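Below you'll find the structure, written out as structure tokens, and then a few comments.
Quick note: residue numbers are just sequence positions, from 1. Everything numeric here is computed off the predicted structure, so don't read it as measured data. Hydrogens, waters and symmetry mates play no part in the numbers below; they use all other heavy atoms, side chains included.
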Amino acid sequence: MSSAASPLLTACGPPTGSADIRLVVTDMDGTLLDDAKRIPPGLWETLAELRRRGVLFSPASGRQYATLAREFAEVAEGMVFIAENGTYVVRDGVEFSSDPLEPGVAARVVQAVRQLVAEGVDVGAVVCGKRSAYVERGDEAFLAEVRKYYVEHRVVEDATALDDDVIKVALFDFGSAAHTTAPALESFSATNQVVVSGEHWVDVMNRTANKGAALRRLQRELGITPAQTMVFGDYLNDLEMLDAAEWSFAMANAHPDVIARARHLAPSNNDNGVLRTVARVLNL
């Protein structure tokens, strides 16, 4: 990988339309969606053309599968959803792959969050199961954030006792996740991943779980190479995914580490960077 991304606005590697792309994978928040969380204009037309050309489009997000499936309901047939930061991958309603947490990990994270709350930190845990997400906080301010990413969610009395396969625990910190919540979870880093996935979000997952690992499994199953894969991302939970594609793009608004890791730079999420890049490289 190069240490600096090359701006798409002035150069885009090989000539327009020369790439043999079979798979386009994009993060959602801060990448495909603008800052107001809106679907970019022209998305449905672009997806129809990609399907006509035999190019698979795959959203890869920290969002719940049910949330992604609802967003793309009209075009979901045949689409692969890389949900929950790669811990749960679904195609046509059938599990493609998953990487659940080891038993007991989620409960210990929830207990750590309870301790943070007792110390005055404004934080809440979202225990992410395959069927639903589960939260103990029922205040509207917290639930408003949960609803953005978890369509299927339930308020429960005890999130340490659930009848579901837990694939991730996401924590929403009303302050800075990187400065408050993530350091408080450092003890989990010895056995699990603790990933800052946004300004206010931290995810606890298996060591083996990330968007990149899920993407590589998908590539193997479908016989698609990194050279045939185009990936877009903006934050730290996208880094491994960028490594799995030769056509890796950081958004202009991306975290500096993401820009350094990607091969190319795309226009920002507010400038419809994903679709503009796909159109240019594939000559749509």
So, the side chain of [X] versus the backbone of [Y]: is there a donor-acceptor pair under 3.5 Å, distance only?
{"X": "S98", "Y": "P100", "value": "no"}
{"X": "D158", "Y": "T160", "value": "yes"}
{"X": "E136", "Y": "A159", "value": "yes"}

In terms of side-chain geometry, is the basic nitrogen of [X] or [Y] positioned less than 4.0 Å from the acidic oxygen of its partner?
{"X": "R63", "Y": "E84", "answer": "no"}
{"X": "E221", "Y": "R217", "answer": "no"}
{"X": "K211", "Y": "D99", "answer": "no"}
{"X": "K130", "Y": "D164", "answer": "no"}

Next on the checklist: Quick check on side-chain contact (heavy atoms from CB on, under 4.5 Å): which of D203, D27, D238, N210 does N85 satisfy it with?
Outcome noted: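 When D203, D27, D238, N210 are each tested with N85, the side-chain contact (heavy atoms from CB on, under 4.5 Å) holds only for D203.
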Distance (rounded to the nearest 0.5 Å) between [X] [atom1] and [Y] [atom2]:
{"X": "D163", "Y": "R131", "atom1": "CG", "atom2": "CZ", "result": "5.0 Å"}
{"X": "L239", "Y": "R261", "atom1": "CG", "atom2": "CZ", "result": "4.5 Å"}
{"X": "T180", "Y": "L116", "atom1": "OG1", "atom2": "CG", "result": "8.5 Å"}
{"X": "T87", "Y": "D165", "atom1": "OG1", "atom2": "CG", "result": "11.0 Å"}
{"X": "Y88", "Y": "I82", "atom1": "OH", "atom2": "CD1", "result": "14.0 Å"}
{"X": "M205", "Y": "F188", "atom1": "CE", "atom2": "CZ", "result": "14.5 Å"}

Next on the checklist: Please verify the inter-ring angle class for F81 with Y65; under 30° counts as parallel, over 60° as perpendicular, anything in between as tilted.
Outcome noted: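 Taking Y65 first and then F81, their aromatic rings stand perpendicular (interplane angle over 60°).
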Next on the checklist: Ring-plane angle category for F232 and F249, please: parallel below 30°, perpendicular beyond 60°, tilted otherwise.
Outcome noted: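 Rings of F232 and F249: parallel, under 30°.
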Please tell me whether [X] and [Y] are part of a single hydrophobic cluster in this structure, the criterion being side-chain heavy atoms less than 4.5 Å apart.
{"X": "V169", "Y": "F172", "result": "no"}
{"X": "V274", "Y": "V75", "result": "yes"}
{"X": "Y149", "Y": "V156", "result": "no"}

Checklist entry - Do we see a donor-acceptor contact under 3.5 Å between the side chains of S197 and N237? => result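 Result is no, nothing qualifies.
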Next on the checklist: Show, in sequence, the C-alpha distance, side-chain angles and deciding distance for V204 and K168, and conclude whether the side chain to side chain contact (heavy atoms under 4.5 Å, CB included) test is met.
Outcome noted: CA-CA 6 Å; V204 179; K168 183 186 77 176; over 6 Å; no
Next on the checklist: Taking atom CZ as the centre, does R53 end up with more than 12 heavy-atom neighbours from other residues, nucleotides or ligands that are less than 6.0 angstrom away?
Outcome noted: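 Result for CZ/R53: enclosed.
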Item to check | V121 side chain near V117 side chain, heavy-atom distance below 4.5 Å | outcome: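 A side-chain contact is absent here, since even the closest heavy-atom pair is not under 4.5 Å.
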Next on the checklist: I want to check something: taking the side chain as every heavy atom from C-beta on, are L47 and M79 in contact at a cut-off of under 4.5 Å?
Outcome noted: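 Result yes, sub-4.5 Å side-chain heavy-atom pair found.
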Next on the checklist: If we check side-chain hydrogen bond (donor to acceptor under 3.5 Å, both in side chains) with N269, which of these qualifies: D35, D34, T31?
Outcome noted: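 The side-chain hydrogen bond (donor to acceptor under 3.5 Å, both in side chains) with N269 is passed solely by D35 among D35, D34, T31.
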Item to check | Derivation of the salt bridge (Lys or Arg N to Asp or Glu O under 4.0 Å) call for R147 and E140 | outcome: CA-CA 10 Å; R147 291 190 198 103; E140 181 55 32; 2.8 Å; yes
